[in-house]
Structure formats: structure tokens, C-alpha cells
Amino acid sequence: MAINRPKGTEDHLPALSPKLTLDVSAQAHGWLVEKARRVLERAGAQRIDTPLFEEADLVKRGVGGSTDIVRKEMFTVYYFGDHGGYILRPEGTAAIVRAYLQNGLKQLPAPLKLWTHGPMFRAERQQRGRLRQFHQVDYEVLGSTDALVDAEAIALMVGVVRELGLTGVRVKLGSIGDPEDRERYNTYLRELFTPQLERLSDDSKDRLTRNPMRILDSKSASDQELLAELGVKPMLDFLGEEAGAHFRAVQAYLTEWGVDYDIDPSIVRGLDYYRRTAWELHHEGVGAKSALGGGGRYDGLAQELGSKEPIPGIGWAFGVERLLLALEAEGMALPEIAGPLLYVAALDEVNVPHAARTAMRARAHARAEFAYRAMKPAAAFRDAERRGAHWVALLGTDEVAQGTLSLKNIRTGEQRSLAAADLATFLQEHA
Ligand code: HAM
């Protein structure tokens, strides 16, 4: 029996694959990450990469024991003789903070802006835009509590969306306050929900003891009904003075810069490390429940991971597949096939090595391919066209004897003869 890829994973396919869509196009993934890289590096972010697997404790302590990620979705990694305590990373933030602490990055000028891209793993139930291996572009800033850093992070996220050409995106902005504000809010929620215990889903009963705020994020329809019926007050009503002032400062910067946002008074993020500013980006083409990306401030995370001193931080991550689905919903076509500039074909078997050598030399200047067997001109043109080539060079006995190439532009039909010695200049001019 044939072996298929695991559930919830995708192959990223080459251009010209049958039934190719944007979200599984390897070229589209590369294009998107390159666009994001340009926006982030122009703002001073530097690339960082951390391992795909980490100590389980990093995720348990970082992401938090009350989250779905830790309770239900961790991929544990075992190998012979090990303690079984590794997991495939479900997100990038905890690992980046670990790397910052472990590698003494505190010595670099603060705030330090970092970015990364790569696969993340969560054992979720597969749906459209919800995968077990998905990809994030992630941006983190360490070493500042300034609201200006929050606003810049949000503006950069919007900047990436704009660079991609997406239009139907909304920023939902909220604040989940300081830990003491959250404690007051959780006390309020406990008092509200405890008399309703029997009506809560099993998951939410559990949330009521661990982290009541998480009930607001419940996927259960009956929980959502109960929430509507009770008219639960939002977290924003519980912000303390400092968190409230910080939140207003973030909004003032965004307004000044013309970055649109909607206040979402009850934003709950799916990770425990957040405090103060928290936000998500949504797009109608991907579905109301599925954010394109989200982020927030996490000033307590470094200490949770063992740092003696507090290292404030803030960041966000996009889901690359979701961005591609949103682009598809907005009608974006697959990226144009980037074919070779030159395709060299020999007309006779004896000249095949010469064609190969010509193409290999041409690679110093441009993308060049060659035919592995002799071809008639019509077959060579057809083959070159299927590969998306621009120019075909035919090499027959005459051309080899005279040191020339017969060139044809596949797209315009233009034909010309070129001295082989002039090929480098020709390629440079047409690259
Ligand atoms: P998150 O909200 O868990 O945040 O994930 C960010 C984005 O990753 C989501 O908005 C979504 O687009 C994408 N994503 C998450 N799970 C899946 C999935 N199963 N399938 C497809 N896409 C998915 C974080 O991960 C935080 N680390 C963001 C952050 C950085 N906060 C501060 N710094």
C-alpha cells in the first residue's frame, strides 16, 4: 500500500505541479517569506533560528499549563535512550527568549529586534487553515517596555500585510492587563461561572480552576451560549491604571501613523505568557475563527524561564498558510514560473556534451539548463516552453564548427545568431 504524508501536514510543491494552489506552492511560500524579510529587516530586525525541538519544560513553563497547546497538542519526541522530555516546538517565542538568555544577547543594544521563519507543530484537528505542521513568520522585540515598541510591532505586522498586497485585513486590538488586573478579572469570572458549573463543558470546568479567562475562548457552542446569556464583562473593564495608560499610548501612536484597528474588549490569546497589549489580525476569506496572525507583550516570560531579572518582550507571528489562503481568497494568481533564461539543446547526439558545457558555463551569469539528448528544433522549443525558458540555443554541427549559437526567444519568436564568445555579455544584458 502506498504511504501518504501524515494527517495535518502539507507538501510544498514545485511550480507546474498539477492542481497547484497558492497555499501549497513552494514558490509562493518563498515569495511570502522574502517579502516579510524585507519589511522586517528594513525595521532593524535580525534573523534568529532555534531548534525544531526543545525541552518540554520550555513549552510547559513558557506557553503555559492551562493552554490547549500544552494540554492536548504537544508532539513529544523520543529517541533511543533519551528521557523523552523533548517536544516539537508549537511556536517560536519561548525558544527565542530562551536563546536570548542562553546566548547573552542582552549585551546587544536594546531593544533587540529579531525575526524567524519556520515550521511549528501542534496536534490539532485538521481543518482548512488549521494544520499539525504549519509555518510562521515571527517577530520579537526584547528589552523594552515602551508603548512605542508595541505600536511599531503592530504597524510592522500591517506593513507585511500591505507588502503582500492583502486588503481585507482587520486589526483586533485589546489588552489583557497586568497580572494583578488579570487576577481580579479571573476572580470575577470564577464568581460568575461557579453557580453555572453544571452548564459548562468539561474543558471549561477544568479551565475554571486553572485559568477562567480561557473559558471566553471556548470552542464549545453551549459555552458560547452561556457567555452571551451571562453578559460577561470584558477584560478591558478590569485594566489597572498603568496598563490602561499603556494601552491608550499604543492607540495614540497607531492613530497618529494612520494604522487602522478595532478595539476588541474581550481578546483572549491562546497562550499564557501575555500581559498588556494583545492583538490579532483577521481576514474574512479565511474564516472568523481563524486569525492570520496574533501577538502581544510578554514581560514576565523571561523570568518564567529562569531569568533572574525581568526582560520585557513583545512580538507576533503570522501563519504563512493562512496568509496564502487570504491571498487566494483575494484572487491572487500563482507566482509566475521562473524559468531558465537559457535552454541549450544539441541537434545531434555527438554535440550533447558541448550543449551541456555551454549551459554550465552560462550559469556563471544566469539560470541555464540543457537537453540531455539530441532534439529536433520543434521538440527543443516545446520542451523549453514547458520549462518556462526565455531563450533556446540550438547547437548543430555547423554552429559548433563556426563557434556560434542559433538563438530563439520562445516568447517573442525573435531569432538571431550569436558568437559563442559573446554569450556571457548577452546573458548579462538579458538577465
Ligand atoms: P498564535 O496565535 O498561537 O501565536 O499563532 C500565530 C498564528 O499562527 C495564528 O494566528 C495562525 O495564523 C497561525 N497558526 C497557529 N496555529 C495554527 C495551525 N494549527 N495551523 C495553521 N496556522 C496556525 C503564537 O504562536 C505566538 N508565538 C505569537 C507571538 C510572538 N506572540 C508574541 N510573540
Side-chain angles (χ1 to χ4, degrees), residues 11-39 162-167 324 327-328 330-431:
D11 300 310
H12 293 174
L13 300 169
L16 299 175
S17 303
K19 294 192 205 148
L20 187 64
T21 52
L22 215 51
D23 56 318
V24 295
S25 153
Q27 209 184 331
H29 274 259
W31 167 84
L32 189 151
V33 174
E34 175 54 21
K35 289 260 178 195
R37 182 192 70 77
R38 279 225 298 268
V39 173
R162 283 208 190 120
E163 183 79 13
L164 296 175
L166 269 175
T167 52
L324 290 171
L327 284 161
E328 201 159 53
E330 290 195 3
M332 185 177 139
L334 286 165
E336 229 186 275
I337 315 149
L341 182 59
L342 183 70
Y343 181 77
V344 191
L347 299 173
D348 316 285
E349 226 34 74
V350 59
N351 290 322
V352 169
H354 189 73
R357 192 167 54 243
T358 305
M360 288 194 281
R361 280 199 189 137
R363 286 175 191 164
H365 311 285
R367 179 167 155 196
E369 296 178 20
F370 61 90
Y372 291 81
R373 56 183 176 80
M375 286 190 176
K376 295 209 164 59
F381 294 142
R382 223 177 13 252
D383 201 41
E385 199 165 2
R386 285 189 56 203
R387 292 165 195 277
H390 291 235
W391 290 89
V392 179
L394 293 181
L395 276 177
T397 313
D398 289 351
E399 282 86 356
V400 173
Q402 292 159 14
T404 58
L405 299 163
S406 293
L407 287 174
K408 179 174 172 177
N409 185 321
I410 289 286
R411 294 162 193 210
T412 63
E414 179 194 342
Q415 299 202 27
R416 56 188 287 190
S417 174
L418 185 79
D422 294 338
L423 183 61
T425 319
F426 174 86
L427 292 171
Q428 280 158 2
E429 277 167 9
H430 290 81

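Numbering starts at 1 and runs along the sequence shown.
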Next item on the list: Of all the heavy-atom pairs spanning Ala374 and Asp348, show the shortest one and how long it is.
Entry: CB-C, 3.4 Å
Check: Can you find a pair of side-chain heavy atoms, one from Val24 and one from Asp11, that are under 4.5 Å apart?
Finding: no
Item checked: Minimum side-chain heavy-atom gap Tyr343-Lys408 below 4.5 Å -> no
Next item on the list: Return the set of residues passing side-chain contact (heavy atoms from CB on, under 4.5 Å) with Ala355 (not counting sequence neighbours), or none when no residue passes.
Entry: Val344, Ala346, Leu395
Next item on the list: Any chance you could measure Trp391, atom CH2, to Gln415, atom CD, to the nearest 0.5 Å?
Entry: 9.5 Å
Note to self: I need the Gln27 CD to Leu13 CG distance, nearest 0.5 Å.
What the structure shows: 12.0 Å
Checklist line | Nearest non-hydrogen partners of Ala28 and Leu324, listed with the distance | finding: CB-CD2, 4.0 Å
Check: Would you say Glu330 and Leu166 make side-chain contact, with heavy atoms under 4.5 Å?
Finding: yes
Margin query: Could you check whether any side-chain heavy atom of Arg386 comes within less than 4.5 Å of a side-chain heavy atom of Arg382, counting everything from C-beta outward?
Written below: no
Give the table of side-chain donor-acceptor pairs shorter than 3.5 Å for residues 365-372, with sequence neighbours excluded, one pair per line with atom names and distance.
from   : atom 1 : to     : atom 2 : distance (Å)
His365 : ND1    : Gln428 : NE2    : 3.1
Arg367 : NE     : Glu369 : OE2    : 3.2
Arg367 : NH1    : Ala338 : O      : 2.2
Arg367 : NH2    : Glu369 : OE2    : 3.0

Check: Nearest 0.5 Å, what's the CD-OG1 distance between Glu328 and Thr21?
Finding: 5.0 Å
Check: Charged N to carboxylate O under 4.0 angstrom, Glu34 versus Arg37?
Finding: yes
Checklist line | Closest non-hydrogen atom pair, Leu407 against Phe426 | finding: CD1-CZ, 3.8 Å
Margin query: How long is the straight-line distance from CG of Leu423 back to OG1 of Thr404, given to the nearest 0.5 Å?
Written below: 11.5 Å
Next item on the list: Might you point out which heavy atoms bring Leu341 and His430 nearest each other, and give the distance in Å?
Entry: CD1-O, 3.7 Å
Notebook entry, point to check: Looking only at heavy atoms, which two atoms of Leu342 and Ala362 are closest? And how far apart?
Noted result: CD2-CB, 4.0 Å
Checklist line | Pairwise distance CG(Leu405) to CD(Glu399) - rounded to 0.5 angstrom | finding: 8.0 Å
Notebook entry, point to check: Of the non-hydrogen atoms in Leu20 and Pro14, which two are nearest, and what is the gap between them?
Noted result: CD2-O, 3.9 Å
Next item on the list: Report the distance from atom CZ of Arg363 to atom OG1 of Thr358, rounding to the nearest 0.5 Å.
Entry: 11.0 Å
Check: Going by heavy atoms in the side chains, are Leu32 and His29 under 4.5 Å from each other?
Finding: no
Notebook entry, point to check: Does some side-chain heavy atom of Phe381 sit less than 4.5 Å from a side-chain heavy atom of Leu394?
Noted result: yes
